[in-house]
Amino acid sequence: MNATPQPMRFGTVEPAHTLQWLAAGWRVFLANPGIWIAQTVILIAILAALGFVPLLGWAAAPVALPMLAAGMLAGVEALRRDEALRVDHLFEGLRRRTGELLLLGACHLAGALAAALIAAVVGGSAVLTGMLIGALAGAGVAAGGVMFGVLVFTVLWTLLIMALCFAPALVLLDGVPPLEAMKLSARACFANLLTFIVLAAMLYVLVWIAMLPAGLGMLVLVPVIAGTLHAAWVQVFKPPLALPSPDDKPENPVDAS
């Protein structure tokens, strides 16, 4: 009789670990910057090209993004296993678990559309109410409703990001079904809410910094983010592989993950 597969489990981490994850991401980039930059250029070019697809371009990029993200994570995992990093690691999601990753992308698209629609309904109804009231009071209602709509969108978008944070790694590297992967990702983020608020804030600042030199900093930051998320995935979902202390200096660029 086959043994019942054990469900995936996740652990808890401290906010201080975010610095170690970012450091691991930076070491991942330094391990082979040429290939990482090539992967990032190809990724950006693919997403830009998909945006020009007639009629469906607006939907194609969100669907493809989790698959490409999973490919970059596969590259980090290869380095972790002391294998050579290749440019075609970016397309690992096309070689295996393609359907699952496409379903994950479809959930990404559907979630974004649902968040935008709900926020538009909330904000639009407030604007309509304000127009009916008229004068200064109506303007206040309309402005408050629009702000509330923005708040609703932000909350829903954050929930979507939490559900997608670990999902590509869980699907491609752990073989977890897409919907279960999104549930696990969201639960892990909620269980470590403060840690991931800190991580999100740090990445937000880094994105703005990377965009300053004509966006060229993204060629570095995208691989660093891949390494960071991989380190977080290992620490949260592989608790026995604990992060070393800051004084440790691993030879493998992703040993700290």
Side-chain angles (χ1 to χ4, degrees), residues 7-31 36 39-40 43 65-81 85 89-90 92-93 101 104 108 157-176 178 180-207 210 218 220-246 248 250 252-257:
M8 287 288 299
R9 298 181 182 275
F10 55 85
T12 56
V13 288
E14 300 296 329
H17 283 148
T18 56
L19 291 175
Q20 297 184 45
W21 297 343
L22 285 168
W26 177 244
R27 286 194 295 272
V28 162
F29 173 74
L30 292 181
W36 282 122
Q39 278 196 18
T40 305
L43 181 148
L65 183 57
M67 179 180 291
L68 295 172
M72 296 198 82
L73 291 168
V76 183
E77 180 67 5
L79 288 175
R80 177 170 173 256
R81 297 176 182 274
L85 176 67
H89 272 124
L90 181 64
E92 191 67 23
L101 289 168
L104 198 61
H108 177 209
W157 181 257
T158 300
L159 293 175
L160 178 61
I161 294 302
M162 292 172 73
L164 291 170
C165 180
F166 293 117
L170 290 170
V171 170
L172 184 64
L173 303 180
D174 284 322
V176 179
E180 181 63 22
M182 293 181 69
K183 292 178 184 177
L184 275 170
S185 178
R187 288 172 56 203
C189 288
F190 273 115
N192 298 280
L193 188 57
L194 180 58
T195 299
F196 286 96
I197 288 174
V198 172
L199 179 61
M202 295 172 70
L203 292 178
Y204 180 80
V205 172
L206 289 174
V207 167
M218 295 302 295
V220 175
L221 184 58
V222 169
V224 169
I225 291 176
T228 299
L229 292 179
H230 182 279
W233 164 72
V234 170
Q235 177 66 6
V236 172
F237 287 94
K238 321 284 183 183
L241 300 176
L243 285 170
S245 69
D248 292 338
N252 189 306
V254 288
D255 276 350
S257 64

Heavy-atom side-chain contact between [X] and [Y] under 4.5 Å:
X	Y	value
Glu77	Leu172	no
Leu193	Met162	yes
Val76	Trp36	yes
Pro223	Val28	no
Trp21	Thr18	yes
Leu68	Leu90	yes

- Apply side-chain contact (heavy atoms from CB on, under 4.5 Å) to Cys165 and Leu229, showing your working. CA-CA 8 Å; Cys165 180; Leu229 292 179; 4.1 Å; yes

Taking only residues two or more places apart in sequence or in another chain, which ones pass side chain to side chain contact (heavy atoms under 4.5 Å, CB included) with [X]?
X	answer
Ala201	none
Ala163	Met182, Ala186
Leu22	Met202, Leu203, Leu206, Thr228

Could you report the tightest heavy-atom contact between [X] and [Y], atom names first, then the distance?
X	Y	value
Val171	Ala181	CG2-CB, 3.7 Å
Phe196	Ala188	CE1-O, 4.3 Å
Leu73	Ala226	CD2-O, 3.4 Å
Ala74	His89	O-CD2, 4.3 Å

- Could you tell me whether the side chain of Trp233 and the main chain of Pro168 form a donor-acceptor pair under 3.5 Å?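 Such a contact is absent between Trp233 side chain and Pro168 backbone.
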
- Task: Sequence neighbours left out, what pairs pass side chain to side chain donor-acceptor pair (under 3.5 Å) with at least one residue falling in residues 157-173?
- Result: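 Listed by first then second residue: nothing to list.
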
- Task: Could you note down all residue pairs passing side chain to side chain donor-acceptor pair (under 3.5 Å) where residues 186-199 supplies at least one of them, sequence neighbours left out?
- Result: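 Side chain to side chain donor-acceptor pair (under 3.5 Å) check on residues 186-199 returns no pairs.
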
If you measure from [atom1] on [X] to [atom2] on [Y], what distance do you get to the nearest 0.5 Å?
X	Y	atom1	atom2	answer
His17	Leu199	NE2	CG	13.0 Å
Glu92	Leu173	CD	CG	9.0 Å
Leu65	Leu101	CG	CG	11.0 Å
Phe237	Asp174	CZ	CG	8.0 Å

- For the pair Phe29 and Thr40, evaluate side-chain contact (heavy atoms from CB on, under 4.5 Å) and give the outcome as yes or no after the intermediate values. CA-CA 11 Å; Phe29 173 74; Thr40 305; over 6 Å; no

- Task: Apply side chain to side chain donor-acceptor pair (under 3.5 Å) to Gln39 and list each qualifying residue two or more places apart in sequence or on a separate chain.
- Result: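 In terms of side chain to side chain donor-acceptor pair (under 3.5 Å), with neighbours along the sequence ignored, Gln39 is linked to no residue.
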
- Does CD belonging to Glu180 count more than 12 external heavy atoms closer than 6.0 Å?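 It does: Glu180 CD has more than 12 such atoms within range.
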
- Item | Check: Phe190 ring centre within less than 6.0 Å of Phe10 ring centre |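 No, they do not, as the ring centres are separated by 6.0 Å or more.
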
- Item | Derivation of the side-chain contact (heavy atoms from CB on, under 4.5 Å) call for Leu184 and Val176 | CA-CA 9 Å; Leu184 275 170; Val176 179; 4.1 Å; yes

